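Below, read A as the first sequence line, B as the second, and so on, with proteins coming before strands; counting in each chain starts at 1. Computed from a prediction, not measured in an experiment: that's the story for all the values here.
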Amino acid sequence: MPYTTNDIRNIETRWQKFWEAHRTFHVEADPSAPKYYVLEMFPYPSGKIHMGHVRNYTIADVIARYKMMRGFNVLHPIGYDAFGQPAENAAIKNKTNPADWTYRCITQMHDELKKMGFSYDWDRELSTCDAEYYKWNQWIFIKMFERGLAYKKASSVNWCPDCETTLANEEVINGLCWRCKTAVVQKDLEQWYLKITQYAPSLLEDLKKLEQWPSRVRAMQENWIGKSYGVEIHFKVKDSTETINVFTTRPDTIFGATYVVLAPEHPLVKKMTAGTAQEKETLEFIEKTANKSKSLRMSGDQRKEGIFIGRHAINPVNNEAIPIFVGDYVLMEYGTGAIMAVPTHDQRDFEFAQQYKLPMRIVIQDPKNPSVSVENMNEAYIDEGVLINSGEFDKTPNEEAKKKIAEWMQLKRFGKISIHWRLRDWLISRQRYWGTPIPMIYCAACGVVPVPYHQLPVELPKDVQITGEGGSPLARVRTFVECACPKCGKPARRETDTMATFFDSSWYFLRFCSAHNAQEIFDKSEAQYWMPVDQYIGGIEHAILHLLYARFFTKFLKDLGLVACDEPFTRLLTQGMVLKDGEVMSKSRGNTVDPDEVLSQYGADTLRLFILFAAPPEDQLEWNSDGLEGAWRFLNRVYQMVEKRHSKSQTLKGFHSDDADATLERERNNAVKRVTQSFEEGYKFNTAISHLMVLANAIDKYKIDSANLGKQHLLNQAIETLVLLSAPFAPHVAEEMWQMMGKTEATVARVAWPDFDEKALKTSTIVIAVQVNGRVRAQIQITPDCSPEELRKICLSDPGVAKYAQEAAIKKFIVVPNKLVSIVV
RNA sequence: GGGCGGGUGGUGGAAUUGGUAUACACGUAGGACUUAAAAUCCUAUGACCGUAAGGUUGUGAGGGUUCAAGUCCCUCCCCGCCCACCA
């Protein structure tokens, strides 16, 4: 009988209870067994899981279950990235406490994950908002502080007016807050930073080791870290002792520099104009630029604005005095905050120079257009050419001149060869409540003092008014703020900012190795055994943020001697988005499908199977309820095969011939081969499932009747193989069927993955195609050991071939063994 | 502007890496079972011409290499994602 929705619910609940009662997926570090660590990017506990989660975790679960059947000791943990603003917003809205709200969501999420039947080691479940977890955030922070990697500095920072907090560079997307999409503004504040820039060289270099990451993720990180080779050139300010340093990657154009531009925030600007006629105008310009939002200033199509500050700089290579400008297109954060402008060979400088009628000089000749002059240029020439108007370097190809001029300038002390990074230090202070308190104390006498290790954790106070009115909520809690200085014991003040939540997720994969260790951040030997994560799975949106931070933390913890690996994630899979009606499924679009509803109608196995079958894991997935129906039908069909196999009164329909046994055996072996391949050669689960279906079709066609009762074992074996191959994809139904087949193993999850026999894949006769002049004209049946002469004879005697090709007319006779014959006439 | 992916039936997607394009599924049509419907099963299904046998054509467009191209080379068009006044 086909099963019903009710049956499937019972089956799934029963096996979920079984796994729980038997702790089927609990693992311990065991150095005698090969390990495999599968990890999905843990969720923010919003309460309900969405289809994106389901897809992410299903992919991970299938891999975990396959590896278990392959005999690996598989670590597959889950937890909750539980700090963050939504809890505060919910607290304001519902007049609850962020902690209560979050823990309620976690419970709900936990139950939903259980209903999906994921193979987690639930003993390792953790939440970053637990004091037993964030205590170690504080511990890491202090370790970083002790090594000068956590420091406080005053600077112009990204500020989201809506979230009322500062943001890291990585959290500003196109000038907007990554969370609420509000335009980010700049503010001068004193904040805590992590010195990720110290690791920039190894973060860049080690990308090479990540061969099993998608190349685009590596490319994105490489661009973000942004290493540029160039020269820092010293321009002396005329009639002054000041020097302006500019950074350029184009030293070959130095003879074409016709002015210098400083960023409005550059400290020399105010210094150089103080007391001059241009002072007022310059200050007004700086003020005007500061009021522009970052997104506006950073967009390339913006009209460039600037102002001459009344001073000149000396180009060291030719002693020319060139005007100094302040311009909004120069950014203080990059390079030295000052540039030399070569309008003829840089498009931005060209636009600026045209606008302000500034002089230009061509120094690189376009080989295709050697007579071009400054007057008839309509854009900068940025391609290769030979140098002109460049003194002793004339006629040098510019690529060669880059190196020559750089070395020459260094020798003459006009500048120094240097490398600049685009990566900035990581601003981690947040003026929010629901996060890890930064474990620092300010003492009037002793300065900034870290909280002693034995006093950790610095716990978040429970009773706090969350008003959303701005400022750190913790600053209003007197009992939290007021403390004694750990050094001198006098009254002191606690830091009231909390850490960015990306801090929490930068090392959770290590905590999973010994999730509830009360003595240490994690057990070193356990981490040694489990790390690195063999397969990490998550969304592409974390290509830079989380993945870069996690790599940084791993490198830092390696330097502390706590971990042995220098990269945390060996292999990365970025799953595609889930779409509905061509658009990303999201709450704001209102086009979501609730996994819970699908679950109650079809069960977890059907949902899992559909999601895996509809598209390869990395591609977008278009939601299709008809496809869901198809997955349901397939599982039902397999279930009935197992059922019928046990009722002797019924026979499987179909045909039986002498070839049928061999065909069934071949299809069985082929399915094992192809499904195994799909796991071992880049997770193509959609084709893996298609091969399950092919095997099911073959079983359906095979018939047991009085003629071959003795062959029952072949059928049994084929069905058994089908059940085993289905187990990672549809674990509940597979368990049920395994039990129905009277197997003694308690759980199919630990049964060895089937092997295949390459010999059984061979057929006694093969069908090959015969092409004449590139067109297929016949299908002929031959034996695999057929000789070339014989093959030729068979081909030409085929009526379909003979119609187009006679022996006499043959120019070429090409044989592709076991595939086809191509005849040219 | 730079980087990375893509473009295959009515739909989701296959194609052993140069070897019979469209596996598997969805959808659709016809049939069986049924009083009927659902479910299930069977058959057909790229397009065009043809009663049929069969033929022609077909992987974004155009050209090339080859006995043979979805796959390799050149030119171009379109779509998606990421980055971007980065000096």
ask   = Contact class for A:Val694 (heavy atom, under 4.0 Å): base, sugar-phosphate, or nothing?
value = sugar-phosphate
note = Pairing partner of B:C67, by Watson-Crick or G-U wobble and under 3.5 Å for both distances, is B:G19
message = Ignoring hydrogens, what is the shortest heavy-atom contact between A:Leu820 and A:Gln771? Give both atom names and the distance.
response = CD2-NE2, 3.9 Å
inquiry  = Any base atoms under 4.0 Å from A:Asp626, or only sugar-phosphate, or nothing? Heavy atoms, all strands.
reply    = sugar-phosphate
task = Name the closest nucleotide to the A:Asp328 side chain, picking from B:G55, B:A87, B:C85.
result = B:C85
message = Could you tell me the Watson-Crick or G-U partner of B:G80, where both distances fall under 3.5 Å? Say none if there is no partner.
response = B:C4
Base-pairing assignment for B:U59 (Watson-Crick or G-U wobble, both under 3.5 Å) = none
ask   = Base, sugar-phosphate alone, or nothing: which one does A:Thr249 contact when heavy atoms must sit under 4.0 Å apart?
value = sugar-phosphate
task = Give none if B:G12 has no partner; otherwise give the nucleotide forming a Watson-Crick or G-U wobble pair with it, both distances under 3.5 Å.
result = B:C24
task = Working to the nearest 0.5 Å, report the span between CZ of A:Phe414 and CZ of A:Phe235.
result = 11.0 Å
query = Toward the 5' end of RNA chain B, which comes first, A:Val776 or A:Gly335, by nearest nucleotide?
reply = A:Val776
ask   = Quick one: which of B:U56, B:A25, B:G3 gets closest to the side chain of A:Met693?
value = B:A25
ask   = How far does the C1' atom of B:C78 sit from the matching atom of B:A84, given to the nearest Å?
value = 23 Å
task = Quick one: label A:Thr336 by what it contacts on the DNA or RNA (base, sugar-phosphate, nothing), any heavy atom closer than 4.0 Å.
result = nothing
query = For B:A29, which nucleotide is its Watson-Crick or G-U wobble mate, given both distances must be under 3.5 Å?
reply = B:U43
note = A:Asn624 atom CG is separated from B:G27 atom P, nearest whole Å, by 8 Å
inquiry  = In whole Å, measure the gap between the C1' atoms of B:A15 and B:U22 for me.
reply    = 8 Å
remark   = Against the side chain of A:Gln620, the closest entry in B:G80, B:C24, B:A14 is B:G80
ask   = Who is the Watson-Crick or G-U wobble partner of B:A53, with both distances under 3.5 Å?
value = none
inquiry  = By the 4.0 Å heavy-atom rule, please label A:Arg424 as base, sugar-phosphate, or nothing.
reply    = nothing
ask   = Expressed in whole Å, how much space separates the P atoms belonging to B:C77 and B:U28?
value = 40 Å
message = If you compare every side-chain N and O of A:Arg674 against the phosphate oxygens of B:A15 (OP1, OP2), does one of them come in below 4.0 Å?
response = no
key: Beyond-backbone contact of A:Arg551 with A:Leu207, side-chain heavy atoms, under 4.5 angstrom   = yes
message = Given the ring of A:Phe255, does A:Arg361 sit roughly above its face, with NZ or CZ under 6.0 Å from the centre of the six-membered ring and within 45° of the axis?
response = no
query = What nucleotide among B:C67, B:A14, B:A87 has an atom nearest to a side-chain atom of A:Thr687?
reply = B:A14
task = Let me see the working for A:Lys684 and A:Phe679 under side-chain contact (heavy atoms from CB on, under 4.5 Å), right down to the final yes or no.
result = CA-CA 7 Å; A:Lys684 294 274 187 165; A:Phe679 278 105; over 6 Å; no
Side chain of A:Asn697 - closest among B:G55, B:C24, B:G19 = B:C24
message = Taking only the C1' atom of each, what is the distance from B:U59 to B:C41 in whole angstrom?
response = 34 Å
Rounded interatomic separation in angstrom, taking CD1 from A:Ile254 and P from B:A87 = 16 Å
query = C1' atom, B:A21 versus B:U17: distance in rounded Å?
reply = 15 Å
request  = For the residue pair A:Gln347 and A:Glu379, establish whether any side-chain heavy-atom pair is separated by less than 4.5 Å.
outcome  = yes
inquiry  = Rounding to an integer number of angstrom, what distance separates B:U34 and B:C79 when you compare their C1' atoms?
reply    = 49 Å
ask   = Hey, does A:Glu622 reach any base, or is it just sugar-phosphate, or nothing, if we go heavy atoms under 4.0 Å?
value = nothing
inquiry  = Starting the side chain at C-beta, find the nucleotide from B:C81, B:C83, B:U16 nearest to A:Arg422.
reply    = B:C83
message = Taking any heavy-atom pair under 4.0 Å as a contact, classify A:Arg637: base, sugar-phosphate, or nothing.
response = sugar-phosphate
request  = Please figure out whether A:Trp224 or A:Val824 has its closest RNA chain B nucleotide nearer the 5' end.
outcome  = A:Val824
ask   = Which part of the nucleic acid, if any, lies within contact of A:Pro616, taking any heavy atom under 4.0 Å across all strands shown: a base, the sugar-phosphate backbone alone, or nothing?
value = sugar-phosphate
request  = For A:Asp619, answer base if it contacts any base atom (sugar-phosphate contacts may also be present), sugar-phosphate if it contacts only those atoms, and nothing otherwise; contact means non-hydrogen atoms under 4.0 Å.
outcome  = nothing
task = Using atom CZ of A:Arg633 as one end and atom P of B:A25 as the other, report the distance to the nearest whole Å.
result = 10 Å
ask   = Hey, would you say the A:Phe352 and A:Tyr259 ring centroids sit under 6.0 Å apart?
value = yes
query = How far, in whole Å, is B:G60 from B:G6 if one measures between their P atoms?
reply = 13 Å
query = A:Lys812 side chain N/O closer than 4.0 Å to the phosphate oxygens (OP1, OP2) of B:C67?
reply = yes
message = Measuring only the P atom in each nucleotide, how far is B:G12 from B:A23? A whole number of Å is fine.
response = 15 Å
ask   = How far apart are the closest heavy atoms of A:Pro316 and A:Ile233, and which atoms are they?
value = CG-CG2, 3.8 Å
Distance in angstrom units between A:Glu681 CD and B:U16 P, rounded = 11 Å
inquiry  = For A:Ile364, is there any backbone N or O sitting under 3.5 Å from a side-chain donor or acceptor partner on A:His345?
reply    = yes
inquiry  = With a 3.5 Å limit on both atom pairs, tell me what B:A36 is paired to, counting Watson-Crick and G-U wobble, or say none.
reply    = none
remark   = Testing B:A87, B:U20, B:A84 for proximity to the side chain of A:Thr248, the answer is B:A87
request  = With heavy atoms under 4.0 Å as the rule, sort A:Asn686 into base, sugar-phosphate or nothing.
outcome  = sugar-phosphate
inquiry  = Rounding to an integer number of Å, can you tell me how far A:Glu333 CD sits from B:C86 C1'?
reply    = 10 Å
key: Separation of B:A21 P from A:Lys819 NZ (nearest whole Å)   = 14 Å
query = How would you label the glycosidic angle of B:U40: syn (within 90° of 0) or anti?
reply = anti
inquiry  = Is there, by distance only and without an angle test, a donor paired with an acceptor across the side chain of A:Gln779 and the base of B:U20 below 3.5 Å?
reply    = yes
message = Please classify the glycosidic conformation of B:G27 as syn (within 90° of 0) or anti (everything else).
response = anti
